[in-house]
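Contents: one structure, followed by commentary.
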Amino acid sequence: MKFSLVADTLGYMEGTTKRLELTQHLVDLFKITPPEIISKVAYLLQGKLRPEHEGIEIGVAEKIAIRALSKSTGVPALKIEHEYKKVGDFGHATANILEQKTQTTFLKEDITIERVYDTLFKIAELKGNRSQNMKMKYISSLLNDASPIEGRFIAKIITSNLRLGVADYTILDALSIAFTGSKENRPMLEHAYNVCSDLGRVAEDVAKNGIEALKHFQVSVFSPIRPMLAERVKDAQEAREKIQADFAAEYKLDGERVQVHMQKDKIILYSRSLENITNYYPDIVEKIGKSIKANEIILEAEAVAINENTGEFLPFQELMHRRRKYNIAKAVNEYPITVNFFDIMFVDGKSCLDMSYKERRRILESSINEDSFARVMPMMLIKTDDEVEDFLENAINSGCEGLMLKQLDSPYRAGARASNWLKLKREYKNELGDSLDLVVIGAFYGRGRRTGRYGALLLSAYDENTDGYPSVCKVGTGFTDESLDQFYQILSDKIIVKKDPRIDSGLEADVWFEPEVVIEIVASEITLSPIHKTALDKIRKGSGLALRFPKFTGKIRFEKTPENATSVDEIITMYNSQKKVVQDEKQF
Ligand code: ATP
């Protein structure tokens, strides 16, 4: 299949910001794609070669790409750089240069999707200094045969600049329409995706075997499962109203969620956003094998920093010292941890996802030999509200954030935030209660002491229904000089010339970013807002919701993707429960 079909689709998509149109372009492409290569198309559309958790990066430096373009067109590198500076986008610059191409190629080969994909894969596999020349050769051979529009998107993909604003869920919608005729079957596709986190695999499965086959989609080791999430509650009574069934309480530790996949001696660890984090935890890899009584297993645990002398749990920030590229062995020594297992999703060929919590907990307990490093999360079956209060007290005294309350009969609902799991923290009882994790979508230049950096950031929630990023506040407090520098550095990589179509903002920022960085915010209140777009028209016509007195807590949530940020629905729930508190207080 010709790569020009993918390039044309990407071209149309760049020209629209409407989600329906974006989806329709994808539908048209999927319909004409042979099932054997549909997984490759699904990855390429997102500028990837494999699912994110496999960590395969094309990562070609712009300098190399410019040399390659120069080699295949005969246009001097300096002229290409000049063009790039003029148009501000490497893809467009490449297309312009290819238009003016002076060298003619006699033996032009057709560019197929397979050829582009395989060449990019070879480039991604090349490592080390000596690889630069090979990379350049591969790229120039592609560009040699590329039309301007093909060149434009090849250039964007190799330099990791393909920013179309299509999220996984838009692709699932398109697959559902293309292969089942309607969006109604999306939940089945979504289920398969939640179980394997691999869009290419889901696309291939539905294209080859049809929607019915997805019912039997299997969990497999080394395909991370999208984690089950919890709703917030402020006390035992609210928990009881929400769960409406028997439940257990577990300690809620303040560490990093780790999904452990093990098959014989091989262990891979995935973060909450399913990034491969095995390198940060060599101690888990070394020690847990002997605690696990199975050949093949998928488990979930919270890794928590501890004080080895007192056994006390330490806060999340301590653990973040592990997130470094070098000197990991030193960090392992300085920041010791324990691993606290709280769920099991697969064991020796059998999926546990559809089993009840009670059953999973029984299997979990019988699959782990506890020691001082690997433990099973403390748990208590709850009969009365007082027991929740007592257990919460114990948890807080041991350094926990609070409790997780889990309905005894509930299955593991991959990728869902549902009322079968609730989180109860002490701080939910005051002010707005919980913090929010928001996405940085824009920034405003600073003045005075903040000149040369950003003075305030524009933040959004995540709207799961539209796959959008509606603005919810502008935040300028809570930053130290160090964090302002850090933001300037991190965010400079995310600047986009054209606002991402998924961003919906009532304020015009000085700079727009690719919605990627998630930070933690506390606020005093959620109010109706004529400016911000979160939950627009949902509470009152013409108004959205916004945060009052937002403040950065100092936590950048590296382990969260923008889709994991606080959702619009959660903000609506927080707004309503805050209203309820005010009303309740008025009654007395
Ligand atoms: P999210 O709910 O989206 O994960 P968050 O990280 O802000 O957002 P938290 O309020 O920290 O949510 O609560 C959920 C997290 O609590 C889990 O992702 C997990 O890392 C952690 N956790 C700690 N103990 C447990 C437990 N016993 N069961 C489940 N999760 C736990």
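Ligands are counted one by one from 1 in listed order, and the atoms in each one are counted from 1 as well.
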query = Should the ring pair Tyr488 and Tyr454 be called parallel, tilted or perpendicular, given that the plane angle runs from 0 to 90° and is split at 30 and 60?
reply =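 It falls in the tilted class, 30° to 60°.
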ask   = Aromatic rings Tyr251 and Phe391: how do their planes relate, parallel, tilted or perpendicular, breaks at 30° and 60°?
value =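 Because their plane-to-plane angle lies in the 30° to 60° range, the rings of Tyr251 and Phe391 count as tilted.
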Which segment of Asp437 sits under 4.0 Å of ligand 1 when only heavy atoms are counted =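 Asp437 to ligand 1: side-chain contact only, backbone stays beyond 4.0 Å.
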Of [options], which has the heavy atom at the shortest distance from [atom]?
| atom | options | value |
| --- | --- | --- |
| atom 21 (C) of ligand 1 | Glu300, Glu559, Glu302, Arg232 | Glu302 |
| atom 28 (N) of ligand 1 | Glu256, Met228, Lys252, Lys406 | Lys406 |
| atom 1 (P) of ligand 1 | Arg272, Arg557, Met379 | Arg272 |

Check each atom of ligand 1 against the heavy atoms of [X] and keep those under 4.0 Å away; list them by number with element.
| X | value |
| --- | --- |
| Lys560 | 1 (P), 3 (O), 5 (P), 6 (O), 7 (O), 8 (O) |
| Glu250 | 26 (C), 27 (N), 28 (N) |
| Arg417 | 1 (P), 2 (O), 3 (O) |
| Lys425 | 10 (O) |

query = Under 6.0 Å between ring centres, would you say that holds for Tyr469 and Phe513?
reply =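 No.
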request  = Indicate, with yes or no, if the rings of His191 and Phe217 have centres closer together than 6.0 Å.
outcome  =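 Here the rings of Phe217 and His191 have centres that are no less than 6.0 Å from each other.
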inquiry  = I'd like to know if Lys242 and Glu231 make a salt bridge, using a cut-off of under 4.0 Å between side-chain N and carboxylate O.
reply    =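 Judged by the 4.0 Å cut-off on N to carboxylate O distance, Lys242 and Glu231 do form a salt bridge.
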Electrostatic pair Glu300-Arg272, nearest N-O below 4.0 angstrom =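 Looking at Glu300 and Arg272, the cut-off is not met.
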key: Asp434, any N or O under 3.5 Å of ligand 1 N or O   =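 No, since none of the N or O atoms of Asp434 sits under 3.5 Å from an N or O of ligand 1.
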request  = Could you say whether the N/O atoms of Leu253 and ligand 1 ever approach to under 3.5 Å?
outcome  =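 Looking only at distances, the answer is yes, because the N/O contact criterion of under 3.5 Å is met.
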Closest non-hydrogen atom pair, Ser505 against Ser471 =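 Taking Ser505 first and Ser471 second, the nearest heavy atoms are CA-OG, 3.7 Å.
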